[in-house]
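For reference, the structure is listed below as structure tokens.
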Amino acid sequence: MSTDRPRKALIPAAGRGTRFLPLTKAVPKELAPIVTTPTLEIVIGEAADNDISEVLLVVSAGKTAINEYFAPAPELEAALEAKGDEAGLAAVRRPTELATISYVEQKEPRGLGHAIGHGKDFAAGEPLAVLLPDDLIDDRDALLGPMLDVYAEHGGIVLGLIDVGPVEISKYGCVVPAEGADPEGDVVAISDLVEKPEAGEAPSTLAIIGRYVLPPEIFAALDETEPGAGGEIQITDAMRNLCNAGTPVHGVVFRGRRYDTGDRLEYVKAVVQLAVRHPDIGADFQAWLRDYEPTDG
Ligand code: UTP
């Protein structure tokens, strides 16, 4: 099967972000900054870099900060223009120019599958790339592009995977490589999915990360998926049903640099790793970091 590369992306941003309380009382974690750029903008940039120009953001009820961030700010722009602040102006306009963004509200955070289910009208029969905004992929490394290529070749479901080793795998959704598939290869055919397998019983060490390409059939599969743990509708359950019904599933194994900004410690590490490359402050920060020694006071 050969088809077109997907042109649309859904980004879920309606979770409670409990690991980032108290900030997330008022600020969605997707707006948490890497220096000054929200993680959500970085992920929309990744979609745009891969020729995805239409983005649907799933947002939570009553929270307007995300919509405001991606809307034009004419007064601010006029003030920056009057000052001749070209760099400021470009930075303020960038989020409004990356893609055509639309919004849908998820009234209650009932899980990733439930959030993705809100994309049916937006997808309108086309495949969707789904990008989780707390998984950042370094812009020097490629994951989404190869995934879109695999979709164009095989259709079905395409998953972003990383090899996390035998200990960590029980924290992740895990894939079962198809018979004859080379688990060391860059593209792996998959015969089944297992959510958080017991250590020692995992069928592979390949974990699903926050990049998916999903075919239009995913919406019917989500409608038929019963809520699982915590009343949440799990995307893995819906994908598993499609897989068992014969939809092809492939994984692209990512061996590049990835930052998990949904975890507090990993978020702080990501800020440091990306701040040392920042065009304005990177060199000074790196010099300071070299000499930095924590003190008691
Ligand atoms: P996470 O599980 O990392 O986000 O979901 P969370 O639930 O907000 O975080 P914690 O665990 O409470 O700290 C991954 C992505 O899916 C979105 C989240 O906003 C996040 O971007 N999500 C999750 C939804 O949009 N709706 C949901 O019901 C659940």
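Ligands are counted one by one from 1 in listed order, and the atoms in each one are counted from 1 as well.
At least one N or O atom of Gly15, backbone or side chain, sits closer than 3.5 Å to an N or O atom of ligand 1. Close N/O approach between Leu132 and ligand 1 is not found [any backbone or side-chain N/O within under 3.5 Å]. Close N/O approach between Val58 and ligand 1 is not found [any backbone or side-chain N/O within under 3.5 Å]. Polar contact check, Pro12 against ligand 1: a nitrogen or oxygen pair lies under 3.5 Å apart.
With a 4.0 Å cut-off on non-hydrogen atoms, Glu30 touches ligand 1 through its side chain and not its backbone. Contacts between Pro109 and ligand 1, counted as non-hydrogen atom pairs separated by less than 4.0 Å, involve both the backbone and the side chain. Within the 4.0 Å heavy-atom criterion, the part of Gln106 lying near ligand 1 is the side chain and not the backbone.
Using modelled atom types, one finds a donor on one side chain and an acceptor on the other under 3.5 Å when comparing Glu68 with Thr64. Remark: the Asp237 side chain and the Thr225 side chain contain no N/O donor-acceptor pair separated by less than 3.5 Å.
Taking the six-membered ring for Trp and thresholds of 30 and 60 degrees, Phe285 and Trp288 have nearly parallel ring planes, at less than 30 degrees apart.
Not a single heavy atom of Gly262 lies less than 4.0 angstrom from ligand 1.
Looking at every heavy atom in both residues, Arg211 comes nearest to Ile137 through NH2-CG1, 3.8 Å.
Taking the salt bridge (charged side-chain N to carboxylate O under 4.0 Å, His left out) definition, one finds that Asp139 meets it with Arg277, sequence neighbours left out.
Between Tyr267 and Tyr259, the distance from one ring center to the other does not fall under 6.0 angstrom.
By the 4.5 Å side-chain criterion applied to Ile, Leu, Val, Met, Phe, Trp and Tyr, Leu265 is assigned to no cluster and stands alone.
Nearest non-hydrogen protein atom to atom 4 (O) of ligand 1 is Lys29 NZ, 3.1 Å. Looking only at protein heavy atoms, the nearest one to atom 11 (O) of ligand 1 is Arg19 NE, 3.1 Å. With respect to atom 3 (O) of ligand 1, the closest heavy atom belonging to the protein is Asp134 OD2, 3.0 Å. If you check which protein heavy atom lies closest to atom 28 (O) of ligand 1, you get Gly111 N, 2.7 Å.
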